[in-house]
Amino acid sequence: MTLRPILIHPDPRLKTVADPVASITDEIRRLADDMLETMYDAPGIGLAAPQIGQMSRLLVMDATKEDEGAPRPMVLVNPTVTWASEARSVYEEGCLSIPEQFAEVERPAKVEVQWLGLDGKTHAERFEGLWATCVQHEIDHLDGKLFIDYLKPMKRQMITRKMVKLKRERARG
């Protein structure tokens, strides 16, 4: 497994719709392993392939809180929301591609998602709470959407300016 560099906003790849994965290959399995290692190392609870420059509809997540028990790493290939509750919830979201920036985002409180697993089979699960927020946030990445796209223009521009400055500072070393 290899740690992969995480793209920082603004980067055009983060605003691009990812391509469907045609089949589960060893390359896809390796990518999923690298993404899980990268996500846990960051540390984060979700990571979409476009965040590491791979334009494939693949995401990994584990929204298990430390005090809730064993980790539950999940790999979702070509995920689709098949149902969303009318009830809404608000979570303060962050993003590995927008470090140290957080904002409240409103989303459906529960969602049902269907995806292809690394076993080549179709899976479906209903998510709620932090899991629902996480899976929707990561699917947004696959559609070229960031959590800051839900914010008012002034707040979004302020965060984008901070990220431009951060990238400049990192480039200087």
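For this chain, numbers begin at 1 and follow the sequence in order.
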Student: According to a 4.5 Å side-chain heavy-atom criterion applied to Ile, Leu, Val, Met, Phe, Trp and Tyr, with indirect links allowed, do Leu76 and Ile24 form part of one hydrophobic cluster?
Tutor: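 No, no single cluster joins them.
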Student: List for me each residue that meets side chain to side chain donor-acceptor pair (under 3.5 Å) alongside Glu128, sequence neighbours excluded, and say none if there are none.
Tutor: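 Here no residue qualifies.
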Student: Look at the side chain of Ser85 and the backbone N and O of Pro108, then say whether any donor-acceptor pair between them is shorter than 3.5 Å.
Tutor: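 Here the side-chain-to-backbone pair does not exist.
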Student: How close do Val60 and Ala32 get, heavy atom to heavy atom, and via which atoms?
Tutor: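 Scanning both residues, the minimum pair turns out to be CG1-O, 4.0 Å.
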Student: Taking the side chain as every heavy atom from C-beta outward, state whether Ile45 and Trp131 have any atom pair closer than 4.5 Å.
Tutor: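 Counting from C-beta outward, Ile45 and Trp131 never come under 4.5 Å.
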Student: List for me each residue that meets side chain to side chain donor-acceptor pair (under 3.5 Å) alongside Asp143, sequence neighbours excluded, and say none if there are none.
Tutor: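 Result, side chain to side chain donor-acceptor pair (under 3.5 Å) vs Asp143: Arg57.
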Student: Please determine whether residues Leu59 and Phe127 belong to a single hydrophobic cluster, defined as Ile, Leu, Val, Met, Phe, Trp and Tyr linked transitively by side-chain heavy-atom distances below 4.5 Å.
Tutor: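 Yes: a chain of side-chain contacts under 4.5 Å links Leu59 to Phe127.
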Student: Using a strict threshold of under 4.0 Å (side-chain N to carboxylate O), is an ion pair present between Arg4 and Asp34?
Tutor: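 So Asp34 pairs with Arg4 through a salt bridge.
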Student: First locate atom CE of Met158, then atom CE of Met163, and finally report the distance between them rounded to the nearest 0.5 Å.
Tutor: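 Separation between the atoms: 9.5 Å.
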Student: Within the side chain of Arg156, is there an N or O that forms a donor-acceptor pair under 3.5 Å with the backbone of Leu151?
Tutor: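 Answer holds: yes.
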Student: For the pair Val113 and Thr80, evaluate side chain to side chain contact (heavy atoms under 4.5 Å, CB included) and give the outcome as yes or no after the intermediate values.
Tutor: CA-CA 5 Å; Val113 178; Thr80 311; 5.9 Å; no
Student: Can I get a per-line list of side-chain donor-acceptor pairs under 3.5 Å for residues 165-173, giving both atom names and the distance, sequence neighbours left out?
Tutor:
unit_1	atom_1	unit_2	atom_2	d
Lys167	NZ	Ile8	O	3.1
Lys167	NZ	Pro10	O	2.4

Student: State plainly whether one hydrophobic cluster holds both Val21 and Met39, where clusters connect Ile, Leu, Val, Met, Phe, Trp and Tyr through side-chain heavy atoms under 4.5 angstrom apart.
Tutor: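 They do share one cluster, since a chain of ILVMFWY contacts under 4.5 Å joins Val21 to Met39.
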Student: Met55, Leu14: one ILVMFWY side-chain cluster at the under-4.5 Å cut-off?
Tutor: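 Not linked; separate clusters.
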Student: List the steps and the verdict of side chain to side chain contact (heavy atoms under 4.5 Å, CB included) for Thr38 and Met35.
Tutor: CA-CA 5 Å; Thr38 301; Met35 287 173 61; 5.6 Å; no
Student: Only counting residues at least two apart or in another chain, list the ones meeting side chain to side chain contact (heavy atoms under 4.5 Å, CB included) with Asp119.
Tutor: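 Scan of Asp119 (side chain to side chain contact (heavy atoms under 4.5 Å, CB included), adjacent residues dropped) gives Lys121, His123.
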Student: Show me the donor-acceptor pairs, under 3.5 Å and distance only, between side chains in residues 90-101 and residues at least two apart or in other chains.
Tutor:
unit_1	atom_1	unit_2	atom_2	d
Tyr91	OH	Leu130	N	3.1
Glu93	OE1	Arg107	NH2	3.1
Glu93	OE1	His137	ND1	2.7
Glu93	OE2	Arg107	NE	2.6
Ser97	OG	Leu7	O	2.8
Ser97	OG	Gln51	NE2	3.1

Student: Within 45 degrees of the ring normal and closer than 6.0 Å to the centroid, is that where the cationic atom of Lys145 sits relative to Tyr150?
Tutor: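 Yes - Lys145 lies over the ring of Tyr150, closer than 6.0 Å to its centre and within 45° of its axis.
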Student: When rounded to the nearest 0.5 angstrom, what distance separates CD in Gln157 from CD1 in Ile148?
Tutor: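 So the CD of Gln157 and the CD1 of Ile148 are separated by 10.0 Å.
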Student: Can you see which heavy atom on Ala109 is nearest to which on Ser89, and at what distance?
Tutor: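 That closest heavy-atom pairing would be CA-OG, 3.7 Å.
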Student: Do Leu58 and Met74 share a hydrophobic cluster (ILVMFWY, side-chain heavy atoms under 4.5 Å, transitive)?
Tutor: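 In one cluster with Leu58: Met74, no.
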Student: Charged N to carboxylate O under 4.0 angstrom, Arg30 versus Asp33?
Tutor: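 Judged by the 4.0 Å cut-off on N to carboxylate O distance, Arg30 and Asp33 do not form a salt bridge.
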Student: Distance-only, no hydrogens or angles: does the Gln54 side chain make a donor-acceptor pair with backbone N or O of Pro50 under 3.5 Å?
Tutor: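 No.
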Student: Just so I know, are the side chains of Pro79 and Leu142 near enough to count as touching, which here means a heavy-atom distance under 4.5 Å?
Tutor: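 Side-chain contact under 4.5 Å: yes.
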Student: With the side chain counted from C-beta on, respond yes when Leu118 and Ile28 share a heavy-atom pair under 4.5 Å apart, and no when they do not.
Tutor: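 Leu118 reaches Ile28 side chain to side chain.
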Student: Starting at OH of Tyr40, measure out to CG of Leu47 and round the result to the nearest 0.5 Å.
Tutor: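 Between atom OH of Tyr40 and atom CG of Leu47 there are 11.5 Å.
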Student: Does any part of the side chain of Thr2, heavy atoms only, come nearer than 4.5 Å to the side chain of Glu37, both counted from C-beta?
Tutor: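 SC-SC contact between Glu37 and Thr2 ruled out.
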Student: Contact between Pro71 and Thr64 at the side-chain level, heavy atoms closer than 4.5 Å - yes or no?
Tutor: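 Heavy-atom side-chain distance check fails, nothing below 4.5 Å.
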Student: Could you list the residues that satisfy side chain to side chain donor-acceptor pair (under 3.5 Å) with Glu104, not counting sequence neighbours?
Tutor: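 Counting only residues at least two positions away or on another chain, Glu104 forms no side chain to side chain donor-acceptor pair (under 3.5 Å).
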Student: The test is side chain to side chain contact (heavy atoms under 4.5 Å, CB included); show your working for Leu146 and Asp140 and say whether it passes.
Tutor: CA-CA 6 Å; Leu146 301 171; Asp140 275 354; over 6 Å; no
Student: With a 4.5 Å heavy-atom cut-off, do Phe147 and His141 have their side chains touching?
Tutor: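 SC-SC contact between Phe147 and His141 ruled out.
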Student: Between CG of Leu31 and OG of Ser56, what distance do you get to the nearest 0.5 Å?
Tutor: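 Reported to 0.5 Å precision, the distance equals 6.5 Å.
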Student: Evaluate Glu125 against Arg72 for salt bridge (charged side-chain N to carboxylate O under 4.0 Å, His left out), listing each step before the verdict.
Tutor: CA-CA 14 Å; Glu125 188 171 329; Arg72 184 179 175 221; 2.7 Å; yes
